[in-house]
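Before any comments, here is the structure.
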Amino acid sequence: MFRSKAKILQLAVTLLACAFLLVPTILSVMAGLTVNYFQGISSGLTLKWIYQVWELYADSIFLSIRLALACLVVTLIIGLPAAYGLARHPGWLSRLLEEFISLPLAVPGLALALALLQLYGSMKGFRASWTFILVGHVLYTLPFMVRSILAVLAAMDLKTLEEGAASLGATPWQRFRDIVVPNAMPGILAGSLTVVTLSLGEFNLTWMLHTPYLKTLPVGLADSYASMRLEIASAYTLVFFIIIVPLLMAMQWASARAQRIAK
Amino acid sequence: MSNRTFVLACLTPLLIFSLAFLALPLVRLFLASGEGDAGWAVYLDILRKPRYLNTLVLTVLVSLATTFAALAVSTTAGMFLLRNQFRGRGILLSVLTLPLAFPGVVIGFLIILLGGRQGLVNQLTPGHVVFAYSVVGLFLGYLYFSIPRVLLTVMAAAEKLDPALEEAARTMGASPFRVVIDVIIPGLMPSLIASGAIAFATAMGAFGTAFTLATDIDVIPMVIYTEFTLSANIAMAAALSIVLGLVTWVLLLIARSLSGATVAAGG
Amino acid sequence: MTLRLTNTAKTYPDGTRALLPTELSVDRGEIVSLLGPSGCGKTTLLRIIAGLETPDAGSEIWFDSDNVTSLPVERRKVGMVFQSYALFPNMSVRANIGYGLKMQKLPKSEIDARVTEVLEMCQLQAFAGRAIDALSGGQRQRVALARAIAPRPRLLLLDEPLSALDAALREALRDELAVLLREFDITAIFVTHDQDEAMAIADRVAVMSSGQVVQSGTPEDLYRNPKSAFVAGFVGNAMRLEGRCEAARLELAGGALTLPGDGTGQDVFVRAEDVEISADGPLTARVETVTFLGTHYRIGLSGITGDVLAAIYAGQNAPRVGERVKAGIKPEALMLLPQDPARA
């Protein structure tokens with residue numbers, strides 16, 4: 001099938017890259033399930049590490065899920081109307097605004113977290129509450145939501161569709177509810193899955209913004225990597241994979257679908 | 001409510017949020033960078049003091065190495081997966097793209113499993129090969145999260161390449177190697193530059209991976225972190241953040257103007 | 001409903017005058033077509049009537065005795081068929097047609113009944129449950145019409161409703177549309193750039209050019225008595241006979257013709273169907289092109305006037321290319337129109 005040398009070389013590179021990405025993942029899954037990783041699989045398989053992870057870190061897992069859902073709600077409330085506004089008002093001002101809110105895609109989370117701490121760090125009540133972390137997550141995920149919806153809206157003849165609805169007696173709000181939102185659905189779905197996935201895995205901002213009482217899943221992961229035995233760290237990573245991988249797959253499927261529609 | 005008012009009302013929550021939590025904090029961060037003992041000369045200190053300059057050079061070097069390695073691996077694999085239909089292709093593609101949103105800390109841990117003291121390589125080889133906590137480990141970690149990003153960007157661009165161009169070159173007698181040099185690489189160039197910029201910017205700003213691996217290595221994100229938490233040198237942390245943010249932002253701006261696509265930074 | 005526009009104009013922020021001050025009135029039940037080339041302001045005028053475009057200050061739009069000038073589109077109670085149809089892809093055919101009734105907050109049972117009635121009228125019963133993207137172009141066109149008509153608007157506005165269809169379908173739907181509009185018994189304004197469409201559908205045609213209504217009348221009137229070279233050319237493709245007028249005589253390169261009146265200082269026009277190829281004609285010409293069109297031939301003649309003059313030939317044995325022929329035009333077929341100031 002792959003007769004030429006060039007093809008075989010390409011295949012080798014591809015397989016090597018796959019191995020590089022896959023092998024450590026498998027190692028981590030194995031390590032989380034073996035009795036003693038240093039002795040290897042021969043020491044037997046166990047779920048006790050997973051159980052311990054649950055005892056130690058269930059709170060952080062639930063906090064992350066709550067945060068991700070709250071983040072989704074906020075990004076929808078802000079992002080959906082904003083995407084519509086940007087789609088209906090194309091122009092340099094909209095481009096500038098879109099570029100500005102996209103800054104968190106480019107600027108490292110560490111820098112954003114420092115900026116937030118500088119301005120709001122002294123507001124003790126806010127600083128210590130979970131909403132402070134939420135602000136960071138919204139900041140980071142909002143551009144994904146806005147762009148995802150905007151791409152779908154920009155691909156359809158939104159203006160004419162709205163004129164059609166207006167000629168039938170629909171007010172701006174009715175047009176938004178009946179025409180804009182249903183037709184933006186593929187973008188909303190892709191954006192929502194992206195927001196939840198990214199929020200669950202967000203570490204850079206969260207590490208700087210969290211307090212000892214508010215540890216998210218990735219913060220807990222970093223904590224376990226630093227202070228727990230390898231099996232527990234691996235088991236925790238496995239739990240994270242179990243949560244994140246289906247979401248990632250759904251996100252990639254939804255994004256590909258939204259992109260097809262946007263074209 | 002008129003149409004225009006409604007549209008403006010739609011933008012209001014976004015405006016308020018980004019003003020309160022993005023614009024003002026960034027302004028504050030910038031001001032904070034000049035409030036240290038050195039004043040605005042803090043930016044000169046980055047270039048004058050060996051500690052910061054070495055950090056800057058090392059970060060750029062590791063990021064450059066990551067960029068070229070990721071471009072080479074991902075372009076080869078991407079073109080191969082795009083041009084060949086075979087069983088298991090979909091699985092290989094999933095394996096190569098799934099780590100896209102793995103957090104940097106997790107990737108750091110995966111590198112530890114590969115090259116740490118209890119790592120796979122150390123177990124398989126007779127000598128003591130531990131590379132996870134060295135520059136090599138950092139490079140591999142950055143490579144890990146750059147491969148999916150570059151792969152997706154390059155594949156999206158390669159899908160749009162007109163196969164007739166390659167066929168035309170072949171009919172004129174070009175060897176497969178010449179076709180790659182003369183047709184495929186020039187056709188992919190914008191997306192190669194774009195994804196290279198993405199890989200570079202992501203590596204420059206990667207905190208999670210560095211946090212797990214680079215306890216003894218000075219890369220910019222780690223220095224920002226230690227300046228802020230350990231030395232309480234807020235001005236320097238802010239100045240380094242501003243410089244880092246500007247560099248990554250400009251790079252991604254270039255990337256986007258060339259490819260039109262945005263792949264998440266972070267890591 | 002009667003529609004009355006006074007002093008209605010539209011100037012864009014960049015200074016472009018899309019519509020010069022225009023007066024227009026449309027009687028109850030009348031079907032008026034706005035006809036003109038692209039960029040003549042016909043769509044702008046329609047969109048101003050709909051309320052989708054704000055006219056300049058001083059413009060007035062009256063629906064019967066209501067001044068609707070400042071009323072937004074959603075409160076004008078107009079039905080509109082868009083060029084691209086603007087059917088909602090997230091709704092079925094039935095939901096699309098019922099949308100306007102839903103906006104009027106009618107009870108569900110009444111909406112259902114009205115939608116069913118309209119579906120029947122437009123012969124769309126079979127497609128009621130379908131998604132929009134499962135319809136052909138012609139079906140979409142009918143759904144767009146049904147949707148516009150279902151809320152019983154005061155005025156129906158159609159913006160190039162047939163232009164998205166291919167030629168064969170366009171002709172069939174044109175006649176169908178003419179019948180349906182009369183069945184609805186509604187005041188309608190219909191924008192098109194296609195003279196055949198305008199004449200087939202409208203009771204009255206308003207020809208527009210450069211932001212102005214240049215002539216308005218029944219299709220027959222416009223065809224027979226154009227008031228300007230533009231109308232003569234746009235409606236029925238009249239050709240100018242370049243020559244010298246001396247009283248009631250026109251001297252052409254290929255011979256002389258008798259005019260229906262004094263042609264001094266005027267331009268003379270003729271239509272292809274009035275150019276007769278016959279042995280006793282006063283004009284001499286050379287055959288340049290012969291196109292067989294099934295029921296007749298279209299012959300291109302040179303030597304009569306500056307340009308090639310088209311003639312319709314209905315006989316069996318058409319002349320051949322290169323042949324010399326005689327041709328004539330009856331005086332009453334010649335149209336005397338004021339000279340185009342742009343050329344003079």
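Only a predicted model underlies this, so the values are computations on that prediction, with no experimental measurement involved. Naming: A, B, ... by sequence-line order, numbering from 1 per chain.
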Using a cut-off of under 4.5 Å for heavy-atom pairs, which of Leu16(A), Thr197(A), Leu97(A) has the most such pairs with chain B? Leu97(A)
So, the part of Ala237(B) with a heavy atom under 4.5 Å from chain A: the answer is both
Scanning both residues in full, the closest heavy-atom pair of His210(A) with Arg127(A) reads O-NH2, 3.8 Å
Could you label the plane-to-plane angle of the Tyr225(B) and Trp207(A) rings as parallel, tilted or perpendicular, counting under 30° as parallel and over 60° as perpendicular? tilted
Residue from Leu86(A), Ile101(A), Leu200(A) scoring the most non-hydrogen pairs under 4.5 Å with chain B is Ile101(A)
Please rank Leu251(B), Val247(B), Thr248(B) by heavy-atom pairs under 4.5 Å with chain A and give me the top one. Thr248(B)
Parallel, tilted or perpendicular: which describes the rings of Phe21(B) and Phe17(B), with under 30° parallel and over 60° perpendicular? tilted
Option that, when pairs with chain A are counted at under 4.5 Å, heavy atom only, ranks first among Phe228(B), Trp249(B), Phe109(B): Phe109(B)
Contact part of Leu142(A) toward chain B, heavy-atom cut-off under 4.5 Å: side chain, backbone, both or neither? side chain
Side chain, backbone, both or neither: which part of Phe211(B) has a non-hydrogen atom closer than 4.5 Å to chain A? side chain
Candidate list Tyr144(B), Phe139(B), Phe145(B), test ring pair (Phe, Tyr, Trp, His ring centres under 6.0 Å), partner Tyr142(B), passing option: Phe145(B)
Region of Leu139(A) that comes under 4.5 Å of a non-hydrogen atom in chain B: both
If I measure from the heavy atoms of chain B, does Leu117(A) come under 4.5 Å with its side chain, its backbone, both, or neither? side chain
If you measure from CG on Leu92(B) to CZ on Phe80(B), what distance do you get to the nearest 0.5 Å? 8.0 Å
We want to know whether Thr206(A) and His137(A) form a side-chain donor-acceptor pair, criterion being a heavy-atom distance below 3.5 angstrom. yes
Just by distance, with hydrogens left out, do Ser102(A) and Arg147(A) show a side-chain donor and acceptor under 3.5 Å apart? yes
Atom group of Thr215(B) that falls short of 4.5 Å from chain A, counting heavy atoms: neither
Region of Ala233(A) that comes under 4.5 Å of a non-hydrogen atom in chain B: both
Under 4.5 Å from any heavy atom of chain B, what part of Phe20(A) do you find: side chain, backbone, both or neither? both
Given Ser60(A), Ser28(A), Ser224(A), the one that forms side-chain hydrogen bond (donor to acceptor under 3.5 Å, both in side chains) with Tyr236(A): Ser60(A)
Check whether any side-chain N or O of Thr66(B) sits under 3.5 Å from a backbone N or O of Leu143(B) as a donor-acceptor pair, and report yes or no. no
Using every non-hydrogen atom in the two residues, find where Pro24(A) and Ala19(A) come nearest and quote the distance to one decimal. CD-O, 3.8 Å
Pick one of side chain, backbone, both or neither for Val23(A), based on which atoms fall under 4.5 Å of a heavy atom in chain B. side chain
Which of the residues Val13(A), Val138(A), Leu110(A) is involved in the greatest number of heavy-atom pairs with chain B at under 4.5 angstrom? Leu110(A)
Which region of Leu221(A), side chain (C-beta onward) or backbone (N, CA, C, O), has a non-hydrogen atom less than 4.5 Å from a non-hydrogen atom of chain B, or is it both or neither? side chain
With respect to chain A, which residue among Leu98(B), Ile224(B), Thr229(B) yields the maximal number of heavy-atom pairs within a distance under 4.5 Å? Leu98(B)
When you check the side-chain N and O atoms of Thr237(A) and Tyr225(A), is any donor under 3.5 Å from an acceptor? yes
Thr212(B) versus chain A, the contacting section by heavy-atom distance below 4.5 Å: side chain
Structural part of Leu15(A) lying under 4.5 Å from a heavy atom of chain B: side chain
salt_bridge(Arg175(A), Glu163(A)) N-O dist < 4.0 Å: no
Options Val73(B), Leu140(B), Ile147(B), ranked by heavy-atom pairs under 4.5 Å with chain A, top entry: Leu140(B)
Chain B heavy atoms under 4.5 Å from Leu80(A): which part of the residue, side chain, backbone, both or neither? neither
Regarding Arg95(A) and Glu98(A), does a basic nitrogen lie under 4.0 Å from an acidic carboxylate oxygen? yes
Side chain, backbone, both or neither: which part of Ser234(A) has an atom under 4.5 Å from a heavy atom of chain B? both
May I ask you to name which of Thr14(A), Leu21(A), Ile78(A), Leu22(A) has the most heavy-atom pairs under 4.5 Å with chain B? Leu21(A)
Please rank Leu240(B), Ile234(B), Ile91(B) by heavy-atom pairs under 4.5 Å with chain A and give me the top one. Ile234(B)
Take Leu105(A) and Leu252(B) through the side chain to side chain contact (heavy atoms under 4.5 Å, CB included) test and state the conclusion after the steps. CA-CA 9 Å; Leu105(A) 294 184; Leu252(B) 288 174; 5.6 Å; no
Which answer fits Arg83(B), side chain, backbone, both or neither, if we ask what part of it has an atom under 4.5 Å from a heavy atom of chain A? neither
For Leu31(B), which atoms come within 4.5 Å of any heavy atom of chain A: side chain, backbone, both, or neither? neither
Under 4.5 Å to a heavy atom of chain B? For Gln252(A) that would be side chain
For Thr25(A), is it the side chain, the backbone, both, or neither that has a heavy atom closer than 4.5 Å to a heavy atom of chain B? both
Is the Phe102(B)-Phe240(A) ring centre distance short of 6.0 angstrom? no
When heavy-atom pairs shorter than 4.5 Å are enumerated against chain B, which of Ala115(A), Gly85(A), Gly79(A) gives the highest number? Ala115(A)
May I ask you to name which of Ala72(B), Ala20(B), Pro99(B), Pro25(B) has the most heavy-atom pairs under 4.5 Å with chain A? Pro25(B)
Can you tell me if CZ on Arg177(A) sees more than 12 non-hydrogen neighbours from other groups inside 6.0 Å? yes
Hey, what do you get for CD (Gln85(B)) to CZ (Arg89(B)), rounding to the nearest 0.5 Å? 4.5 Å
